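Okay, structure first, notes after.
All values reported here derive from a predicted model rather than from experimental measurement. Below, each value reflects all heavy atoms present in this structure, side chains not excepted, and no hydrogens, waters or symmetry copies. Proteins get letters first, then strands, A, B, ... in listed order; numbering begins at 1 in each.
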2 protein chains.
Amino acid sequence: MEARTEDDRVVVGGDARQRFYDARGYGYPLEGNEIALAWVEAAHLLLRGDIDAVDGRDFEAFLRDGAGDVEGGDRAALTFLVYLDLRERGFYLSPAREGWVSDPDPTVDFVVYPRGKGPEDEAVAYEVRVVGERESIAASALGECTLAIVDEESEVTYFRTDRPEWDGATTFTPEEPVDATLLADRALCWTPPAPLHASAFYGQPLGKREEGVDVLQLSLVETAQLVAAGALSVDGGYDAVVQRGRAVEGERFDRRLQVYAALRERGVVPKTGFKFGADFRTYADVESVDDLGHSERLVRVVPRAFAFDPRDLALDVRLAHGVRKQLIVAWPEDGDVAWASIERLTP
Amino acid sequence: MEARTEDDRVVVGGDARQRFYDARGYGYPLEGNEIALAWVEAAHLLLRGDIDAVDGRDFEAFLRDGAGDVEGGDRAALTFLVYLDLRERGFYLSPAREGWVSDPDPTVDFVVYPRGKGPEDEAVAYEVRVVGERESIAASALGECTLAIVDEESEVTYFRTDRPEWDGATTFTPEEPVDATLLADRALCWTPPAPLHASAFYGQPLGKREEGVDVLQLSLVETAQLVAAGALSVDGGYDAVVQRGRAVEGERFDRRLQVYAALRERGVVPKTGFKFGADFRTYADVESVDDLGHSERLVRVVPRAFAFDPRDLALDVRLAHGVRKQLIVAWPEDGDVAWASIERLTP
């Protein structure tokens with residue numbers, strides 16, 4: 001069976017409508033018995049031998065013409081690999097383009113139907129955005145789509161992104177401010193009220209295995225938030241802590257402090273995520289540090305206009321999955337904090 | 001008991017030699033019964049209440065004087081926290097300084113003795129370098145030391161670094177070069193010789209779940225290395241592949257290709273490490289792709305003068321540990337590749 005190119009579609013007639021559209025969800029119907037195919041759909045039918053040629057070109061020539069150009073940023077090979085992968089997983093899917101779907105989302109490449117469903121049904125399983133390993137992913141684009149990342153060996157990894165809620169129950173009501181000493185990049189509180197660490201899980205005891213020592217070490221973000229809450233007093237006040245924070249980590253300190261404070265406001269306890277390579281690990285509900293469960297989430301704080309290298313995102317997601325925590329990306333937005341969750345998905 | 005500062009040492013007399021040096025490995029002996037203490041040793045004895053004051057200062061004042069200055073890059077608080085942590089783990093240890101140890105290594109902060117041993121014995125368990133979470137770690141400094149990284153909440157994480165060997169047994173002997181087509185950022189080989197994928201584990205079949213399709217997808221590093229080895233032929237030859245590689249990932253392509261080729265030379269199979277956020281995962285001995293074991297190592301390729309953010313290193317090490325692989329860092333050095341292994345250590 002031969003097909004031909006018309007504008008940016010491939011058109012095929014004969015029994016194509018019945019064989020390809022009705023039975024297997026390729027393309028969309030035109031006048032008579034013809035159907036329109038997207039480039040990826042035509043490539044897939046060529047690969048399978050279901051059509052023989054497009055404008056006389058076989059699969060190799062068709063692919064070379066469509067997916068050979070790097071300078072023009074041609075994404076044809078990437079989208080084809082994702083299309084192929086989803087087809088092989090048993091899904092029917094359509095390009096998110098006018099004609100194939102109604103009211104297409106321009107940030108989405110494919111609309112994937114639930115298994116057993118096709119373009120004539122209403123249901124949608126995934127809205128998939130295709131990303132090459134060497135492209136970047138804007139943090140602000142996370143939150144409401146499925147990413148399909150194609151690595152250099154043409155394997156496809158899927159990430160589901162969403163907008164998480166926070167629902168914490170850990171509170172700390174300060175009485176009189178207690179004194180703390182600022183050191184180079186941390187602070188020491190000499191006479192901490194017991195609940196500060198024991199139930200609100202601030203800080204870490206100094207000399208934790210030593211008898212009779214009751215000094216609490218605080219990180220600079222903890223210190224700044226406690227000073228702002230009226231729980232702690234240091235020489236120079238809040239400004240001195242922030243100045244110290246900026247001296248040791250630049251404007252990253254302000255971002256992290258903003259996210260730290262936003263989590264505490266929501267009753268969530270953020271502790272350092274260093275061992276997981278994250279900014280914070282979080283506990284929604286600490287009753288006592290002696291009876292601490294596992295932290296539930298890992299939070300990575302990024303700037304407002306940050307774009308991820310897909311490989312770094314893959315690293316974060318894989319690690320979080322391995323330690324059974326949910327990965328959250330956080331960034332400052334409109335005076336508040338925006339959050340996106342990301343997890344691996346097997347379609 | 002009172003101590004006094006003399007130059008950059010703290011000196012203490014009375015029964016200090018017997019109580020602190022002989023019995024518990026602090027300091028080194030001076031004339032008579034006096035001993036010299038380093039700042040961290042004096043701070044630890046103050047914290048424990050074993051000495052009462054240094055020049056009249058108690059623990060708080062002593063710590064504030066020594067560890068309060070950020071502008072001067074004072075590392076006193078960091079080294080103290082590591083000293084304290086190792087003491088609490090039951091080790092005796094000495095500052096790597098003239099007087100305390102003979103022939104001290106200037107890149108090392110502490111010499112740690114095996115449990116039950118002290119400065120008078122010959123044995124050394126670890127040579128520890130102290131790193132703050134906000135400092136950076138030169139890749140070239142990895143390979144023969146133990147890193148003690150202090151995070152913002154004063155937890156200490158230890159990494160052992162070493163020089164790994166490679167010992168692979170996977171070979172591929174090309175016959176005639178076969179044709180491949182360069183696409184935007186990968187290549188397709190239309191008639192691959194069976195062993196290319198089946199036993200040498202190059203590439204990935206296109207349409208791997210489709211019947212009757214026998215096209216092999218190759219990454220650009222695989223393609224370049226195969227063209228150089230005389231196994232593959234593409235339009236424009238080796239230079240065209242390298243040019244394409246540089247177009248899609250800049251000079252990172254050259255580094256990755258150099259490491260890829262060095263691994264293949266050693267009989268090791270590198271495949272993409274994308275899912276683990278690494279450059280490559282490696283298999284030392286592939287006999288058949290149908291009977292493939294788990295990959296053993298993850299390789300991260302960095303530039304010659306690269307310096308790690310400790311948090312990124314923590315992320316890599318933690319991930320590798322979670323998937324039971326060894327983390328290797330590789331960088332170009334003197335026309336060859338330098339390798340360092342890094343793993344978490346619990347002293």
Do [Y] and [X] meet the salt-bridge criterion of a basic N to acidic O distance under 4.0 Å?
X        : Y        : answer
B:Glu153 : A:Arg186 : no
A:Asp316 : A:Arg300 : yes
B:Arg57  : B:Asp65  : yes

Under a 4.5 Å heavy-atom cut-off, does chain A meet the side chain of [X], its backbone, both or neither?
X        : answer
B:Glu155 : both
B:Val323 : side chain
B:Glu152 : both

Nearest heavy-atom neighbours spanning A:Asp279 and A:Val301: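 Result for this residue pair: OD2-N, 2.8 Å.
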B:His44 and ring pair (Phe, Tyr, Trp, His ring centres under 6.0 Å): which single residue from B:Tyr83, B:Tyr92, B:Trp39 fits?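 It is B:Tyr83; the other options fail the test.
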Below 4.5 Å, heavy-atom pairs only: which of A:Thr181, A:Leu188, A:Leu220 has the largest tally toward chain B?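 That would be A:Thr181.
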Can you tell me which of [options] forms the most heavy-atom pairs within a distance under 4.5 Å of chain A?
options                                : value
B:Ala278, B:Gly132, B:Gly203           : B:Ala278
B:Glu222, B:Arg344, B:Glu133, B:Lys275 : B:Lys275
B:Val317, B:Val221, B:Ile149, B:Leu218 : B:Ile149

Proximal component of A:Leu313, with respect to chain B [non-hydrogen, under 4.5 Å]: neither
Going by side chain to side chain contact (heavy atoms under 4.5 Å, CB included), A:Tyr202 matches just one of A:Gln225, A:Lys271, A:Gln217. Which one?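 In the set A:Gln225, A:Lys271, A:Gln217, the residue that makes a side chain to side chain contact (heavy atoms under 4.5 Å, CB included) with A:Tyr202 is A:Gln225.
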